[in-house]
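Everything on this sheet refers to the single structure shown next.
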Protein chains: 2
Amino acid sequence: MKPPGLARRIRADLEARIRSGALNPGDRLPTEQALMAEYGCARMTVSKAIGALAGAGLVTRNRRAGTLVAHPHVQTAVLEIPDIAETIAALGETYAFRLLARGVRGTVGQDARETALSPVGPLLDLRGLHVAGGSPFALEERVIDLAAVPDARSADFSGQAPGSWLLKHAPWTEARHRIGALAASPAEARALDIRTGHACLMVERWTFRLGQGVTFVRQIFPHERYELTAEFRN
Amino acid sequence: MKPPGLARRIRADLEARIRSGALNPGDRLPTEQALMAEYGCARMTVSKAIGALAGAGLVTRNRRAGTLVAHPHVQTAVLEIPDIAETIAALGETYAFRLLARGVRGTVGQDARETALSPVGPLLDLRGLHVAGGSPFALEERVIDLAAVPDARSADFSGQAPGSWLLKHAPWTEARHRIGALAASPAEARALDIRTGHACLMVERWTFRLGQGVTFVRQIFPHERYELTAEFRN
DNA sequence: TCATAAATAATGTCTAGACAATAATGGGGA
DNA sequence: TCCCCATTATTGTCTAGACATTATTTATGA
């Protein structure tokens, strides 16, 4: 599977020393000269190995001071934000989407969440409910820039969730997420069949294509029905 | 700020061509020979630039077939979960940690969150409050496996948050996160100075080192005080 | 026609050296 | 003592070439 490659081996060796705790944050790695001698190779080979470690954030290289094991300061986790329909299907429950409201607007509102999209065309507003096993699972409010996705105007969202439709019809290049909690407003509580003030998980997502806003969505889940999980390997 | 560096420039140029859409997924990049001619440099320099792009997952390199712009993968976002002290400091507020309770236990409880760590040694229980600008910011409950981090037994957590301490003293290799919402229990509400039932964001994290559990932490934030954000570029 | 072998085009890796840039170190002078 | 400056160790970057590896393309032969 893995071709030899001395640089890879050096990188793996050093990484093992760090992960095992033999080298702790702040410790100095052997100098490139020492590693050249140890492995009997040219300096570029050692430099490539250490450069890869630096690229992965495991070490920081400093002229004269040498290469130090980096102090971790953030935990980065790869968060998968799957399609809700898929999530529910994976749980073995029946899934349905109920469209609650739909409207087309020519003007852009003042809402900060909406202006962050910097939309150019008429806007399609959608409001719907994801239903799992007959009971409400999530409330979704969405704005789609029809200039970016003209086909959305004639798409039928009464049965298919706009998220699923967009995945197939609107490629995107960047996205921004906000994840938080909120207390359900009276309107949200009515739609989700919970009490006003009930704790909910909120996921907001802005999606862009080449810097141009495509869609904004805000999903609200009663806290007992959904949570995000993220695995992490460094 | 940014030292010249031809390799960096080549990398940036190519990345711009990809992000702007001039090069689409599946398209071929110029060959290394062509780039050598274009920039008038040695092949290693070009190779280094393209290698960095490949490391970032933007392109895939294939012998004979050339380097292709990678197809975007799944909808994943890189979530950064920073140290709370750093978060608060970045907001320009004063930070403090108040230790509320501390205890050492010889036995492992039946709690599913705890058994997921599969701890081997005595356990250190900590409960504390992160304070920003004089008011409660987050409540933290933590379990540390003293077999994995013996030094934690004698560490002073009355002023320094255990998370910050562990970052410096206990390297980890894997982590698992759960992110959700909850309604504050009476005890949690009292500590955070909010009303019972108040909507809160909850982050739970299990941290491992070479498969061995190190710590489990559960952090609770009043929803108006904190939220997670995740950027994603494809 | 089809399978096989050869040619070829591209990346993968490495070398041995050169000069540049930077920051810690140590020495000298006020 | 303290500041400044020269020294020096260390990484940053690049070169020009070499050979290896691999997948495609082309040519060959049955």
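Fair warning: this is a prediction, and the values are worked out from it, not measured in the lab. In what follows, every heavy atom counts, from backbone to side chain, and hydrogens, waters and symmetry copies are set aside. Letters go in sequence order (proteins before strands), and every chain restarts at 1.
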Taking only side-chain N and O atoms of B/T67, does any of them lie within less than 4.0 angstrom of OP1 or OP2 on C/dT11?
yes
Comparing B/P30 and A/G40 on DNA chain C - which has the more 5′ nearest nucleotide:
B/P30
Under a 3.5 Å distance rule, please check whether A/T215 uses its side chain to pair with a backbone N or O of A/V143 as donor and acceptor.
yes
Expressed in angstrom and rounded to an integer, what is the separation of B/L6 atom CG from D/dT15 atom C1'?
12 Å
Please state whether the base of D/dT25 and the side chain of B/R64 form at least one donor-acceptor pair under 3.5 Å?
no
Between atom NZ in A/K48 and atom P in C/dT11, what is the gap in whole Å?
14 Å
Among the nucleotides D/dT13, C/dT11, C/dA24, whichever has the atom closest to the side chain of A/A65 is C/dA24
Choosing from D/dT11, C/dA23, C/dA10, which nucleotide comes nearest the side chain of A/R63?
D/dT11
Salt-bridge criterion met for B/E114 and B/R105 (N-O under 4.0 Å)
yes
Taking atom P of D/dT8 as reference, at what distance in whole Å does atom CD of A/Q33 sit?
16 Å
What is the distance from CE of B/M36 to P of C/dA9, rounded to the nearest Å?
16 Å
Using nucleotides 16-19 of chain C, report all nitrogen or oxygen pairs with the protein that are shorter than 3.5 Å.
from, atom 1, to, atom 2, distance (Å)
C/dA18, N6, A/R43, NH1, 3.4

Excluding sequence neighbours, so at least two apart, what forms ring pair (Phe, Tyr, Trp, His ring centres under 6.0 Å) with B/W165?
B/F157, B/H169
Using whole Å, report how far CZ of B/R61 lies from C1' of C/dT13.
11 Å
Winner on side-chain proximity to A/T45, out of D/dT10, D/dT22, C/dT15, is C/dT15
Measuring from atom CZ of B/R218 to atom CG of B/L139, what distance do you get when rounded to the nearest 0.5 angstrom?
9.0 Å
Please walk me through it: do A/E93 and A/F137 pass side chain to side chain contact (heavy atoms under 4.5 Å, CB included)?
CA-CA 11 Å; A/E93 294 204 75; A/F137 184 82; 5.9 Å; no
Nearest-0.5 Å distance that lies between atom CG in A/L117 and atom CH2 in A/W206
8.5 Å
Phosphate OP1/OP2 of D/dG12: any B/R8 side-chain N/O under 4.0 Å
no
Euclidean distance, atom CZ of residue A/R11 to atom C1' of C/dC14 [Å, nearest integer]:
19 Å
Side-chain donor-acceptor pairs under 3.5 Å in residues 47-57 of chain B, sequence neighbours left out?
from, atom 1, to, atom 2, distance (Å)
B/S47, OG, B/R61, NH2, 3.3

In whole angstroms, how far is the P atom of C/dA23 from the CZ atom of A/R28?
15 Å
Round to the nearest Å and state the distance from B/Y39 atom OH to D/dT15 atom C1'.
18 Å
